[in-house]
Visitor: 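Take this structure first; my questions come after.
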Amino acid sequence: MFTEQVKLYGVFGDPVAHSLSPYFQNEAFQLLGINGLYLKFRITAEQLPAALAAVRCLEFGGVNITIPHKEAVIPYLDRLEGDAKLTGSVNTILLRNNELIGYSTDGEGYLLSLHHQAGFNPKGKTVVLLGVGGAARALAFRLVQEEIAALYLVGRDRKKMGRLSQALREKTGFSAKSVLFGTDRLNMIAAQADLVVNTTPLGMYPRTELLPPFPLEECPRDCLISDLVYHPLTTTFLRRAERLKLPTLGGLGMLVYQGILACQIWTGQTPPFSPLYQLLEDLLQQDKQ
Ligand code: NAP
């Protein structure tokens with residue numbers, strides 16, 4: 001039950017109709033006994049400044065930021081913390097003492113999933129990222145901080161790959177190698193890989209038959225194959241890896257850890273992983289029927 005002092009939270013994006021965050025955060029608040037209410041708000045680019053002013057004026061606890069505002073939101077914030085500073089992308093905002101503080105939990109959420117769900121330590125490892133969009137950027141910056149040995153960026157747009165590897169070099173001093181999809185070099189890269197991550201939307205519902213073109217059959221037997229897509233829970237890419245007897249990691253864990261991190265930033269409390277994972281898994285299963 002809400003009392004008069006209920007704190008508001010929410011997600012700003014466009015579109016947001018399919019966001020699972022309200023289910024997740026409202027359940028997390030309930031599990032923690034927090035008097036909070038989380039709602040989704042479809043906010044266009046033109047509405048973004050007014051929506052952020054409303055966060056201050058209505059004294060929200062905080063908000064999540066999703067597509068397409070993760071970079072555009074930065075000029076309206078008072079300061080950035082941690083990975084948000086490094087990546088220039090924000091997905092969580094805390095309102096504290098009338099200050100809007102921006103965070104990015106994408107990279108840390110992925111790292112927690114890697115550690116807790118797959119028992120994988122990236123230090124000294126060779127990592128291959130398929131796709132060079134926003135999620136790949138977050139993962140690349142976070143994995144470099146974990147002292148990986150080598151990073152291959154695989155994309156279809158030479159300019160975009162160049163921009164990400166230049167940003168990594170300038171901000172961290174790390175040199176990633178760029179490779180185009182469809183080239184023979186992918187066989188050699190697959191053979192060296194310890195971790196391959198699909199960061200493209202290929203395979204996402206409803207086009208579940210799609211998968212990134214990568215020679216999984218060349219990967220070593222203990223190479224972890226990971227997919228950020230979580231709907232479906234097991235993508236065609238991961239099924240292919242399973243058939244090759246390679247270890248796999250789906251995208252739902254990352255989503256859950258990101259939600260946990262956001263809740264921690266806002267409330268200082270840590271909601272439990274398992275019931276929240278189960279909640280989202282059930283919602284995704286229902287959506288499939
Ligand atoms: P994004 O910024 O749009 O980046 C997508 C990347 O995939 C781009 O590099 C894009 O290439 C590439 N791509 C798209 N279609 C392709 C194709 N047919 N062939 C080759 N490359 C292709 O999106 P994002 O925000 O990074 O998200 C990517 C995926 O990760 C989405 O499915 C999202 O749901 C998922 N994700 C999951 C989590 C989680 O918590 N599990 C978190 C974040 C994102 P171009 O740049 O050339 O278009």
Side-chain angles (χ1 to χ4, degrees), residues 11 13-21 23-25 64-73 83 87-92 103-114 116-118 128-143 152-165 167 176 178-183 186 196-214 225-238 248-262 273 276-277 280-281 283-284 287:
V11 53
D14 185 15
V16 281
H18 290 96
S19 173
L20 295 173
S21 297
Y23 297 101
F24 181 97
Q25 295 296 352
N64 284 128
I65 299 294
T66 187
I67 286 170
H69 307 313
K70 286 184 176 185
E71 289 165 29
V73 77
D83 282 0
T87 59
S89 171
V90 164
N91 69 355
T92 303
Y103 297 80
S104 172
T105 62
D106 283 316
E108 185 65 15
Y110 182 68
L111 214 66
L112 286 170
S113 172
L114 256 189
H116 293 296
Q117 296 190 284
V128 180
L129 295 181
L130 308 178
V132 288
R137 187 181 175 86
L139 262 57
F141 273 98
R142 199 66 190 79
L143 287 163
Y152 290 97
L153 303 172
V154 183
R156 59 180 177 179
D157 182 331
R158 223 183 261 283
K159 277 195 193 140
K160 281 189 187 169
M161 292 191 291
R163 277 202 292 274
L164 177 52
S165 61
S178 299
V179 189
L180 280 169
F181 273 119
T183 50
L186 290 185
V196 177
V197 194
N198 175 33
T199 79
T200 78
L202 290 167
M204 192 163 74
Y205 182 84
R207 300 293 313 274
T208 57
E209 75 286 3
L210 299 179
L211 76 171
F214 188 77
I225 311 301
S226 163
D227 203 329
L228 299 196
V229 173
Y230 52 82
H231 191 201
L233 291 161
T234 308
T235 59
T236 303
F237 188 56
L238 293 190
T248 60
L249 177 67
L252 189 59
M254 172 178 174
L255 188 73
V256 170
Y257 278 114
Q258 284 195 67
I260 288 175
L261 289 167
F273 177 86
L276 292 167
Y277 186 96
L280 297 194
E281 194 176 59
L283 286 167
L284 290 169
D287 200 32

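We use all heavy atoms of the structure for the numbers below, so side chains are in, but hydrogens, waters and symmetry mates are not. Position 1 is the first residue of the sequence; numbering continues from there. All ligand and atom numbering here is 1-based and tracks the order in the structure.
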Visitor: How would you list, by chain and number, the residues with a heavy atom under 4.0 angstrom from ligand 1?
Guide: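 Within 4.0 Å of ligand 1, protein side: Gly131, Val132, Gly133, Gly134, Ala135, Arg156, Asp157, Lys160, Phe181, Thr199, Thr200, Pro201, Leu202, Met204, Leu228, Val229, Tyr230, Gly251, Met254, Leu255, Gln258.
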Visitor: Restricting to salt bridge (charged side-chain N to carboxylate O under 4.0 Å, His left out), what partner residues turn up for Asp14, sequence neighbours left out?
Guide: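 Result, salt bridge (charged side-chain N to carboxylate O under 4.0 Å, His left out) vs Asp14: Arg42.
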Visitor: Around atom OH of Tyr23, are there more than 12 heavy atoms from other residues, nucleotides or ligands closer than 6.0 Å?
Guide: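 Open: at most 12 neighbouring heavy atoms sit under 6.0 Å from OH of Tyr23.
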Visitor: Are Ser113 and Gln117 close enough that a side-chain donor and a side-chain acceptor fall under 3.5 Å?
Guide: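 Yes, because at least one side-chain N or O of Ser113 sits under 3.5 Å from a partner of the opposite role on Gln117.
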Visitor: Is any side-chain heavy atom of Ser226 less than 4.5 Å from a side-chain heavy atom of Tyr110?
Guide: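 Contact flag for Ser226/Tyr110 side chains = yes.
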Visitor: Under the side-chain contact (heavy atoms from CB on, under 4.5 Å) rule, collect the residues that match up with Leu210, sequence neighbours excluded.
Guide: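 Leu210 satisfies side-chain contact (heavy atoms from CB on, under 4.5 Å) with Leu202, Arg207 only.
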Visitor: Can I get a per-line list of side-chain donor-acceptor pairs under 3.5 Å for residues 64-72, giving both atom names and the distance, sequence neighbours left out?
Guide:
| residue | atom | partner | partner atom | Å |
| --- | --- | --- | --- | --- |
| Asn64 | OD1 | Tyr38 | OH | 2.6 |
| Asn64 | ND2 | Asn91 | O | 3.1 |
| Asn64 | ND2 | Thr92 | OG1 | 3.3 |
| His69 | NE2 | Ile43 | O | 2.6 |
| Lys70 | NZ | Asp106 | OD2 | 3.4 |

